[in-house]
Structure formats: C-alpha cells, structure tokens
Amino acid sequence: MNLDSFIAGLPKAELHIHIEGSLEPEMAFALARRNRVSIPFPTVEALRDAYSFSRLQDFLDIYYQGAQVLLTEEDFHDLALAYFDQAAADGVVHAEMFFDPQTHTARGVPFQVVADGLLAGMAAAKAKHGVSSKLILCFLRHLPEDDAFATLKAAEPWLDRIAGVGLDSSELGHPPENFARVFAAAGDIGLKRVAHAGEEGPPAYVVQALDVLHVDRLDHGNRALEDDALTARLAREAMTLTVCPLSNHKLCVVDDLADHPIARMLRLGLRATINSDDPAFFGGYINANYRAVTDLLTREDLITLARNSFLGSFLGPEDIARHVAAVDAFATRAK
Ligand code: HPA
Ligand code: ZN
C-alpha cells in the first residue's frame with residue numbers, strides 16, 4: 001500500500017480543530033449571501049489570496065473577520081457538518097472540536113445559537129458518518145479573565161455537553177497564569193482543561209499551562225523543545241501534544257516543513273499527535289497535515305501518531321482501547 005493510502009486508511013482522532021477555522025471561503029460567501037451581510041473581498045479567490053501570514057496575529061485578524069458571517073443555528077450546524085464531511089473522508093472517527101463563543105457573543109450572537117447549532121451538526125455527523133465528537137469551549141486570551149468567567153457562566157445550561165475548556169488567540173503577552181482562576185473553576189465543575197502554549201510563547205508559558213492551569217493536554221507545545229528538562233517532564237508525564245504541521249508552517253512557527261520537529265518529538269518520547277488547527281486557512285485537513293511531514297517519519301511513526309490521537313483523547317478507556325485496536329488491525333492488514 002502506498003504511503004498516501006496508508007495515511008488515508010489509518011483510523012484517527014482529531015484533537016486540535018477550531019471549528020471557525022474550518023470556514024472555507026466558498027462557505028463564507030454562501031453564508032454572507034444567505035444572511036445578507038457583506039464580505040470585504042470581491043471574490044472567493046481574493047479571500048483565499050489574503051490567507052498569507054507571517055505570524056499568529058496576521059491570521060487571527062482575518063479569522064475573526066471571517067467568523068462574522070456566522071449568525072444562525074443553521075450556520076453553525078452547516079459549518080460543523082462541512083468539517084465532519086471532510087474529516088470523515090480523511091479517516092477521522094472521533095474529533096474534539098474547539099469553538100470560540102466570545103467571537104460570536106461579542107457580535108450579539110447568543111451563546112445558545114452557537115452551542116445548539118454546533119451540537120446539531122455533531123449529531124448529524126454521528127448519524128451520517130458514525131464520527132463521534134466532543135466540544136471544547138475556548139477562552140480568548142487577549143480578553144480579560146472576567147470575560148472568560150462570563151462565558152463559563154453563559155455555558156452553564158450546556159455543561160453536560162461540553163467536555164472541557166481551552167485557551168486560544170494571541171499568545172505573546174497573554175500568559176496562561178492570567179487565567180488561573182477561571183481554569184480552577186472549570187476544573188471544579190469537572191471539565192477537562194487544555195491550553196495553547198509554546199506556539200509563539202516561550203517554554204515558561206508551557207510550564208504555566210502545566211502548573212497553574214493544570215492542563216490535561218497541551219495544544220502545540222513546539223517551543224517546549226527549547227528546554228530539555230521541560231521536554232523530559234512532558235515525556236515522563238505522557239502529556240499529549242496536539243501538533244499542527246501546516247499551521248506551524250503558515251504561521252512561521254517553523255521556517256521549513258523539512259525541519260518540522262514532529263519526528264524529534266517522537267524520538268524524545270513525547271506523545272505527539274497530528275492535527276489541522278484551522279484547515280480552511282492553512283491549506284489542508286488532517287491527512288494533508290500527515291502528508292506534509294511524512295518524509296520525516298517511518299510507517300511505525302504514523303501508526304504511533306494515530307494511536308496517540310486516541311490515547312490523548314477524552315474518550316473513556318473502553319472507547320480508547322477499541323480505537324487503538326482498530327489502528328493496530330489496520331496496520332497489520334496494510335503491511
Ligand atoms: N493559535 C491561537 N489561537 C488560535 C489558533 C492558533 O493556532 N487557531 C485559532 N485560534
Ligand atoms: Zn489552535
């Protein structure tokens with residue numbers, strides 16, 4: 001079996017996908033038309049041409065602007081289902097999906113519209129593709145912690161359908177420790193905790209995510225590799241890293257995909273996974289992210305990455321064991 005077919009056939013979980021980052025330009029234009037709002041670009045091509053970034057903030061500016069076409073429950077349903085159509089075609093059987101409620105509530109779109117729309121899309125994906133999923137509510141770190149508390153409060157009626165909280169948006173200047181209290185409150189409610197750290201921010205931010213936010217999983221984590229003791233700790237603690245190769249390249253976290261640290265991470269014993277982050281903006285869904293770094297990896301590495309995606313998920317032990325067995329069965333069949 002050739003490598004692309006092997007990647008496509010591997011059962012996988014996706015653990016780092018911002019649902020707003022799966023808004024393709026075509027859908028942005030379709031929703032703008034449906035909702036009678038305007039987009040400051042003349043064509044789909046012009047919008048896609050604007051997807052050129054030299055740092056995280058360049059991307060975030062256009063990502064938040066794009067989200068403005070999302071207004072109704074149907075929009076959020078359609079967005080989620082379109083992502084799952086792509087993910088299922090890529091062999092994703094489980095996804096843990098970030099959403100950014102503050103991006104929408106700040107524009108007057110109620111939390112209820114966002115949450116119910118996404119949950120309806122997730123249910124439709126389960127029925128259509130058999131793909132299971134969980135929701136992770138992200139706090140925007142460029143906003144004050146009080147806003148994050150207000151968001152957690154607004155989420156109260158949905159907390160039985162939300163697996164955890166995350167932390168995203170502009171990393172530099174917004175360290176994890178600024179969100180210590182809201183993460184503690186989320187932990188007290190029984191929510192899982194994850195945070196973006198070490199994408200642009202220094203290793204100290206990764207340490208704060210571990211020691212102050214008590215994360216169950218680390219998003220990106222690339223810059224942890226600058227600190228040998230921290231790297232050894234992450235390996236010892238079997239901390240899952242949700243790594244996003246195409247994002248890292250598009251946002252200049254790595255200069256060259258040939259130098260991407262994914263293989264080094266595996267050699268150092270880190271539980272790394274491969275994910276798409278914001279696939280509509282960074283040039284591809286999960287299999288494109290695997291393909292972007294296959295030159296650095298062995299087939300055994302690809303199997304490890306797929307196994308890690310389930311081991312690092314928030315599924316229960318029986319589901320994890322079932323999915324890992326499916327990865328192993330595929331690997332044996334595909335030899
Ligand atoms: N980093 C921080 N915030 C984000 C990202 C990211 O990669 N994608 C969407 N919001
Ligand atoms: Zn991200």
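Keep in mind it's a predicted model, so treat the numbers as computed, not measured. Values below: all heavy atoms of this structure, side chains included; hydrogens, waters and symmetry mates excluded. Each ligand, and each atom within it, is numbered from 1 in the order the structure gives.
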- prompt: Nearest to atom 7 (O) of ligand 1, what protein heavy atom do you find, and at what distance?
  reply: D277 OD2, 2.8 Å
- line: Of all protein heavy atoms, the one nearest atom 10 (N) of ligand 1 is H18 CE1, 3.5 Å
Short N-O contact, E237 and R233, less than 4.0 angstrom: yes
query: Does an N or O from S247, backbone or side chain, lie closer than 3.5 Å to an N or O of ligand 1?
result: no
- request: Check each heavy atom of F59 against ligand 1 and say whether those closer than 4.0 Å belong to the side chain, the backbone, both or neither.
  value: side chain
- request: Check each heavy atom of H220 against ligand 1 and say whether those closer than 4.0 Å belong to the side chain, the backbone, both or neither.
  value: side chain
message: Once you restrict to heavy atoms under 4.0 Å, what part of E199 touches ligand 1? Side chain, backbone, both or neither.
response: side chain
NE2 (H196) - the Zn ion (ligand 2) - NE2 (H18) angle, nearest 10°: 90°
message: Quick test: of every protein heavy atom, which one is nearest to atom 8 (N) of ligand 1, and how far off is it to 0.1 Å?
response: D278 OD2, 2.7 Å
message: Closer than 4.0 angstrom, basic N to acidic O: yes or no for K250 and D278?
response: no
task: Only heavy atoms count here, so choose which of S169, G21, G201 is nearest to atom 2 (C) of ligand 1.
output: S169
- request: Quick one: pull up OG1 in T240 and CZ in F314 and give me the separation to the nearest 0.5 Å.
  value: 8.0 Å
query: Is any NZ, NE, NH1 or NH2 atom of the basic residue among D259 and R264 found under 4.0 Å from an Asp or Glu carboxylate oxygen of the other?
result: no
